[in-house]
Peer 1: 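One structure coming up, written as C-alpha cells, with questions to follow.
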Amino acid sequence: MIKRDQIPAVLDHPVLDEGGKKIGEAKHVFLDDVTGAPEWVSVKTGMFGTSETFVPIREARVVDGHTEVPYSKSKVKDAPHVDVDGGGHLSEEEEHRLYEYYGMDWDASWSRANQPGEGGWAHGDGGQGAAGAAGAAGMAGAAGGTGTAGTAGTAGAAGMAGAAGAEAPGRRDDAMTRSEERMRVGVERREAGRVRLRKYVVTEDEERTVPLRHEEVRVEREPITDENRDAALSGPEISEAEHEVVLHEERPVVETEAVPVERLRLTTEEHTEQETVRGQVRKERIESSAEEAREDRDGMGPERP
C-alpha cells in the first residue's frame with residue numbers, strides 16, 4: 001500500500017502493470033478523506049500521454065523509482081473515463097463505475113466513510129457531510145477536507161499532491177506550486193503505400209525490310225559461227241527436243257528468340273521534410289490580491305493572461 005510520504009515518489013514517475021510493462025506516468029493522487037491515505041492515482045497513457053486513466057493503489061507498491069499495480073496494462077487503459085480537468089472532483093457516478101470496474105467493494109467503502117465519529121465527508125468549513133452522499137472511501141483533496149459533499153478532490157493539479165501528501169499531519173504548507181504543461185512532439189512510422197513490380201507479356205508488330213533474290217529465265221540466241229558449227233551439227237538434222245531449266249527464289253523466314261535486355265529492382269530512399277506541429281498547452285498563473293489592490297490604487301487594471 002502506498003503511504004503519504006511516498007506520494008512524491010509516485011507523481012510524475014512510471015506506473016508499471018502486474019507484468020512489468022509501463023502503463024504511463026502518474027499525474028494525480030487522490031486521498032481517502034477518512035484515513036488520509038492515497039486511494040487512487042491517475043495515469044497518463046496514449047502515444048503522447050493524451051489520455052488519463054484511474055487505477056486504485058491500495059495494493060500498489062513503490063519500487064526503484066516506479067509504482068507497480070496489480071492490474072494489467074489493458075485493464076487500466078480500458079477503465080471508465082473520468083474527466084480529471086472537470087473541477088478536480090469525482091462525481092458519485094464516476095467513482096461508483098471505477099469501483100465496479102476494478103471489482104472493489106463499493107458498499108463497504110461507503111459504509112466505512114460514513115461511520116459515526118469518523119468525520120464523514122469533508123466540507124470547506126470542516127463540518128460533516130450529509131449521510132448517504134456518494135463517493136467511494138470518502139475521497140477528498142490532498143489538503144484533506146477541501147472537497148464538497150460526496151465528491152473527490154484531486155491531490156493538487158499536476159503534482160501538488162506530492163508536496164501536500166508528504167507533509168506531516170497538522171503542519172501547514174504556505175507555498176503554492178504553479179504548474180504548466182509541456183508539449184512533446186514525437187514521430188511514428190506507419191505504412192504510407194506499397195509499390196510492386198509485375199511482369200506481363202504484350203505482343204507488338206515489328207517490320208523489317210530484307211532483300212529477296214529470285215531467278216528468271218532468259219532466252220539467249222547466238223548465230224552459227226565457225227567456232228560453234230561443230231556443236232550445232234552434232235545432232236540429227238531434223239528432230240524434236242526439250243531442254244529444262246530450274247528456277248529458284250528466296251522467301252523470308254521469321255524466327256524469334258528470348259534474350260535478356262535489363263534487370264529492375266525496387267529500392268527506397270528517405271527524404272526529410274519540415275512540418276510545423278501546433279498544439280495547446282495549459283499554464284497556471286498565480287495572482288496576489290495585494291498586487292491587484294496596488295494596481296487599482298495606481299489606476300491600472302491588473303494584466304490577466
Peer 1: Looking at every non-hydrogen atom in both residues, tell me the closest pair between S72 and D17 and how far apart they are.
Peer 2: C-CB, 3.8 Å
Peer 1: Is there a path of hydrophobic side-chain contacts, each under 4.5 Å between heavy atoms, that joins L212 and L247?
Peer 2: no
Peer 1: For the residue pair P223 and N228, what are the closest heavy atoms and their distance?
Peer 2: O-ND2, 3.0 Å
Peer 1: Crowded around K22 NZ? As in, over 12 foreign heavy atoms under 6.0 Å?
Peer 2: yes
Peer 1: Find out if a path of hydrophobic residues (ILVMFWY) with successive side-chain heavy-atom gaps under 4.5 Å connects L197 to Y200.
Peer 2: no
Peer 1: Can a salt bridge be assigned to the pair E249 and R251 using a cut-off of 4.0 Å between side-chain N and carboxylate O?
Peer 2: yes
Peer 1: So Q280 and R282, side-chain contact (heavy atoms from CB on, under 4.5 Å) or not? Walk me through it.
Peer 2: CA-CA 7 Å; Q280 293 182 339; R282 297 174 303 161; over 6 Å; no
Peer 1: Evaluate the side-chain proximity of E25 to V15: yes if any heavy-atom separation is below 4.5 Å, no if none is.
Peer 2: no
Peer 1: What's the separation between atom NZ in K3 and atom CD1 in I57, rounded to the nearest 0.5 Å?
Peer 2: 13.5 Å
Peer 1: Is a side-chain N or O of E284 found less than 3.5 angstrom from the main chain of S179, in a donor-acceptor match?
Peer 2: yes
Peer 1: From I286 CD1 over to T177 OG1, what is the distance, rounded to the nearest 0.5 angstrom?
Peer 2: 7.5 Å
Peer 1: Is it true that L16 and V41 fall in one hydrophobic cluster, defined by side-chain heavy atoms closer than 4.5 Å?
Peer 2: no
Peer 1: Closer than 4.0 angstrom, basic N to acidic O: yes or no for E181 and K283?
Peer 2: no
Peer 1: If you round to the nearest 0.5 Å, how far is CD of E18 from CD of E68?
Peer 2: 11.0 Å
Peer 1: Give the cluster check for V185 versus V281: same hydrophobic cluster or not, with ILVMFWY residues linked at side-chain heavy-atom distances below 4.5 Å.
Peer 2: yes
Peer 1: Please name the pair of heavy atoms, one in V246 and one in E215, separated by the smallest distance, quoted to 0.1 Å.
Peer 2: O-OE1, 3.3 Å
Peer 1: With side-chain contact (heavy atoms from CB on, under 4.5 Å) as the test, would you mind laying out the steps for L11 and K27 before giving the verdict?
Peer 2: CA-CA 6 Å; L11 289 172; K27 290 302 177 184; 5.9 Å; no
Peer 1: Identify whether the distance between the nearest side-chain nitrogen and carboxylate oxygen of E287 and R285 falls below 4.0 Å.
Peer 2: no
Peer 1: Which atom names give the shortest non-hydrogen contact between A79 and Y102, and what distance separates them?
Peer 2: CB-OH, 3.6 Å
Peer 1: Below 4.5 Å, heavy atoms only, C-beta onward: do P56 and E39 meet side chain to side chain?
Peer 2: no
Peer 1: Minimum heavy-atom separation for R97 and P80, please, with both atom names.
Peer 2: NH1-CB, 3.0 Å
Peer 1: Measure the shortest side-chain to side-chain distance between W40 and H28 over non-hydrogen atoms and say whether it is less than 4.5 angstrom.
Peer 2: no
Peer 1: For the atom pair CE (M104) and CD (E59), what is the distance rounded to the nearest 0.5 Å?
Peer 2: 8.5 Å
Peer 1: Looking at every non-hydrogen atom in both residues, tell me the closest pair between Y71 and V76 and how far apart they are.
Peer 2: CB-CG2, 4.0 Å
Peer 1: With a 6.0 Å cut-off (strictly less than), is the heavy-atom count around CD of E250, excluding the residue itself, greater than 12?
Peer 2: yes
Peer 1: Would you call R218 and E216 a salt bridge, taking side-chain N to carboxylate O under 4.0 Å as the test?
Peer 2: no
Peer 1: Once you round to the nearest 0.5 Å, how far does CZ of R194 lie from CZ of R196?
Peer 2: 7.5 Å
Peer 1: Main chain of E52, side chain of S42: is a donor-acceptor contact present, judged purely on distance under 3.5 Å?
Peer 2: no
Peer 1: Mind checking the NZ-OG1 spacing from K75 to T53? Nearest 0.5 Å is all I need.
Peer 2: 12.5 Å
